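Only a predicted model underlies this, so the values are computations on that prediction, with no experimental measurement involved. No hydrogens, no waters, no symmetry mates; every other heavy atom, side chains included, goes into these values.
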Amino acid sequence: MKMRNWWRKRRATRKPALTIDKVLLWADAHHRRSGEWPRINSGEVRDAPWETWSAINSALRKGLRTLPMGYSLASLLVERRGARVHMYEPRLAERQILAWVDVHHRRTGDWPHQISGAVVGAPGERWNAIDAALNVGLRGLPGGDSLAELLWRERSVPNPRRRPRVTKKQILTWADAWHVRTGRWPQLKSGSIPDSGGETWLGMERALRSGLRGLPAGDSLANLLERQRGVPNRLHAPRLNAELILRWADDHFRRQGRWPTEDSGAVAAAPRENWQNVSNCLRLGVRGLPSGDSLARLLQRRRGARNIQRLPRLMHQQVLAWADAHHRRTGHWPSVNSGQVRDAPGEKWANLNAVLYTGGRGLPGGTSLARLLGKHRGVFNAVHRPRLTVAQILHWADAHYHRQGRWPGVASGVVAGVRGEHWRTINSALARGCRGLRAGDSLARLLGRYRGVRSARWQRASRGRGVQARGPHHNRERNARRKRS
C-alpha cells in the first residue's frame with residue numbers, strides 16, 4: 001500500500017503544479033460557457049485540454065500538485081463561488097417549503113407540483129428536487145413524504161393518490177345496486193362501480209386485502225359477499241369426489257347423448273358447477289381430489305368415453321378390416337370423404353388417412369388410405385397410378401386397332417378393358433416422362449415408330465406439299481395403278 005501511494009505521488013509530481021486561483025479561473029470560464037459549474041464528470045478542462053475535472057478533484061482531495069489538502073472541487077466552488085452543489089445544499093424545513101408554496105399560489109393561482117419548475121423567490125430551488133428531498137429524506141427532512149402529501153395535510157389540497165375512506169357497508173350497498181342492475185354479483189374483473197366517483201371493484205378488492213382506506217386487512221370481495229349476502233365463493237367450494245362427478249357426467253349423457261368436455265359449460269345437475277372448473281380440480285388436485293387427472297381421462301377410464309388425447313393404437317390390419325366391412329355394406333371402398341367409420345364409433349376415415357400419412361397411434365406413417373387399399377386390396381388409386389411400359393401401351397394399341405379398325409389417338413377415350421386408363425393420360429405420361437416412361441415422347445410418335453402409323457397431321461402436311469401420303473394400303477394402290485397403265 002505504501003509503495004502504491006508513493007508511486008501515485010511520484011506520477012502526480014510529473015504533472016505541472018496547480019494553484020487554487022488557476023482552478024477557479026478554469027471553473028469561471030466553464031460557468032460562463034455552459035451556465036453551470038463544473039463537476040467531476042464534466043470531462044476535460046476546455047482551457048487546458050491535458051487536464052480533467054476528475055483529476056483536479058483528486059489532486060484537491062489528496063493535496064497533490066502543490067494544492068492544499070482537504071478540499072474537493074465541489075467544496076471549493078461552494079466556498080469561493082457560492083455555487084449550489086447537491087452535496088452542500090442548505091437544509092430545508094417544512095415551514096420554509098410551505099412559505100414557498102404560499103408565494104407560488106398567490107402569484108399563479110395554482111398549487112405547485114413536481115413539474116412546476118423553479119421555486120419563485122428561491123434561486124436554485126426546483127419543485128421536483130424538493131419533492132425528491134421530501135420523499136428520500138435529504139437536506140434535513142425526515143423522508144417518506146411528498147409534496148402532494150404535504151399540501152394535502154397542511155393546505156387541504158386534494159391529492160389524487162389519497163382516496164377517501166370507505167366502509168364495508170358502502171361496498172355492500174354498491175354490490176346490491178350492481179346485482180339489481182345486472183342480475184349478477186360483482187367480481188374483480190367487473191370494472192368500474194357506477195355512481196361511486198371513479199371507484200373500481202379491483203380497487204375495493206385491494207383495499208379489503210391490504211387494509212387500505214380505513215378497512216381492516218385480510219378480507220376480500222368474495223369473502224365479504226359470501227359472508228353477508230350468501231354468494232357462493234369458488235375458493236370455499238364443497239369437496240368433490242370421482243363418484244359425484246361421474247353421476248353428473250351420466251346425467252349429461254342422458255340429456256345430450258354425448259359425454260361432457262371442458263367446453264360443455266355449466267353442469268346441469270349442479271348449476272353452480274362448471275365442467276371447466278371440474279376438470280381443473282381434477283388436474284390440480286383441489287377440493288378433495290387427487291392431482292394429475294382430468295375429466296377426459298376419468299370418463300375414458302370409468303365410462304369408456306373417447307379421449308382424443310389418448311386414442312387407442314391402430315394397425316394396418318384393423319384399418320383394412322374396417323375398410324372390408326365398409327365395402328361389404330356399401331359396395332364401395334372408403335375414401336377420405338366417407339365420413340364416420342361405421343364399425344368404430346368416434347373414428348373418421350379422414351382422421352385415419354391423416355394418421356396413416358403422418359404417423360402416430362402405433363402407425364409408422366408415410367402412406368395413405370388410398371395407397372393402403374391399393375397395395376393390399378388392389379383398389380385403383382387415381383393419384384398413384386401404376387408404372388407403364390412401351391410394350392404394354394403397344395399391346396393396348398393393337399387391341400384397340402383389332403377392335404375398332406383404327407389406331408388410338410389422344411381423343412380415343414378410355415382404354416378398353418383397363419380400369420382408370422385413358423389414351424389422353426397415356427399420351428401425357430409419354431410427354432412428361434412419368435410412370436416409368438421416358439420424357440419427350442407421344443402416342444403418335446410411339447405408333448409411328450413401332451407400328452408405321454402416320455398421324456393425320458403428317459398426312460395433311462404431306463398432301464399440302466404435293467407428296468403422296470403413305471397410308472396402310474399404299475403398296476396395293478400403287479400396284480393397281482401400274483396394271484392399269
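Salt bridge annotation for E205-K189: absent, with no cationic side-chain nitrogen under 4.0 angstrom from a carboxylate oxygen. The pair D251-R247 fails the salt-bridge criterion, with no side-chain N (NZ, NE, NH1 or NH2) lying under 4.0 Å from an Asp/Glu carboxylate O.
Contact detail for N274 and A266: the closest heavy-atom pair is ND2-N, 4.1 Å. In terms of heavy atoms, R371 sits closest to G366 at NH1-O, 3.5 Å. Considering every non-hydrogen atom in both S42 and W53, the closest pair reads CB-CD1, 3.6 Å. When all heavy atoms of I393 and W423 are compared, the closest pair comes out as O-CH2, 4.2 Å. The two residues G288 and R239 have their closest heavy-atom pair at CA-NH2, 3.4 Å.
Residues D398 and W407 meet the side-chain proximity criterion, which asks for heavy atoms closer than 4.5 Å. Two residues are said to be in side-chain contact when any heavy atoms from C-beta on lie closer than 4.5 Å; L282 and R297 fail this criterion. Residues V336 and S368 are not in side-chain contact: their nearest non-hydrogen atoms beyond the backbone lie 4.5 Å or more apart. Between L394 and L447, some side-chain heavy-atom pair lies under the 4.5 Å cut-off. Residues W152 and L147 have side chains not in contact (no heavy-atom distance under 4.5 Å, counting atoms from C-beta outward). Within the 4.5 Å cutoff, the side chain of N351 has no heavy atoms near those of the V341 side chain. Taking the side chain as every heavy atom from C-beta outward, R449 and V390 never approach each other to under 4.5 Å. Taking 4.5 Å as the limit, every side-chain heavy atom of V267 sits out of range of all side-chain heavy atoms of P260.
Using the six-membered ring where Trp is involved, W127 and H104 have ring planes that are perpendicular, over 60° apart on the 30 and 60° scheme. Ring orientation note: the planes of W275 and W248 are nearly perpendicular, at an angle over 60° on the 30°/60° scale.
Pairs engaging residues 297-316 under the ring-ring contact (aromatic ring centres under 6.0 Å, His included) rule: none recorded [sequence neighbours left out]. Residue pairs meeting the side chain to side chain donor-acceptor pair (under 3.5 Å) criterion with at least one partner in residues 164-175, sequence neighbours excluded, are K168-D219. For residues 335-356, the pairs satisfying ring-ring contact (aromatic ring centres under 6.0 Å, His included) are H326-W349, with sequence neighbours left out.
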- Query: Please walk me through it: do V319 and V355 pass side-chain contact (heavy atoms from CB on, under 4.5 Å)?
  - Reply: CA-CA 11 Å; V319 177; V355 174; over 6 Å; no

- Check the pair R283 / E262 against side-chain contact (heavy atoms from CB on, under 4.5 Å), numbers first and verdict last. CA-CA 12 Å; R283 186 178 297 108; E262 294 184 355; 2.7 Å; yes

- Message: Could you walk me through whether W185 and D176 satisfy the side-chain contact (heavy atoms from CB on, under 4.5 Å) test, starting with their C-alpha distance in whole Å, then the side-chain angles of each, then the deciding distance to 0.1 Å, before giving a yes or no?
- Response: CA-CA 8 Å; W185 292 101; D176 294 335; 3.5 Å; yes

- Please assess R213 against R206 for the test side-chain contact (heavy atoms from CB on, under 4.5 Å), listing each intermediate value before the final yes or no. CA-CA 10 Å; R213 304 178 62 178; R206 291 173 177 172; over 6 Å; no

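Under the side chain to side chain contact (heavy atoms under 4.5 Å, CB included) rule, R227 has a single partner from L225, V231, L224, which is L224.
Separation of atoms CG (D145) and CG (D131) is listed at 9.0 Å; rounding is to 0.5 Å. Considering CG of L208 and CG of N223, their distance stands at 9.0 Å, rounded to 0.5 Å. With values rounded to the nearest 0.5 angstrom, R184 atom CZ is found 7.5 Å from W178 atom CH2. For the atom pair CG (N353) and CG (N337), the distance works out to 9.5 Å, reported to the nearest 0.5 Å. Distance check: I193 CD1 to E199 CD gives 6.0 Å after rounding to the nearest 0.5 Å.
Within 6.0 Å of the CD atom in Q114, the count of heavy atoms belonging to other residues, nucleotides or ligands does not exceed 12.
Checked by atom type and distance alone, the side chain of H400 pairs as donor or acceptor with a backbone atom of R406 at under 3.5 Å.
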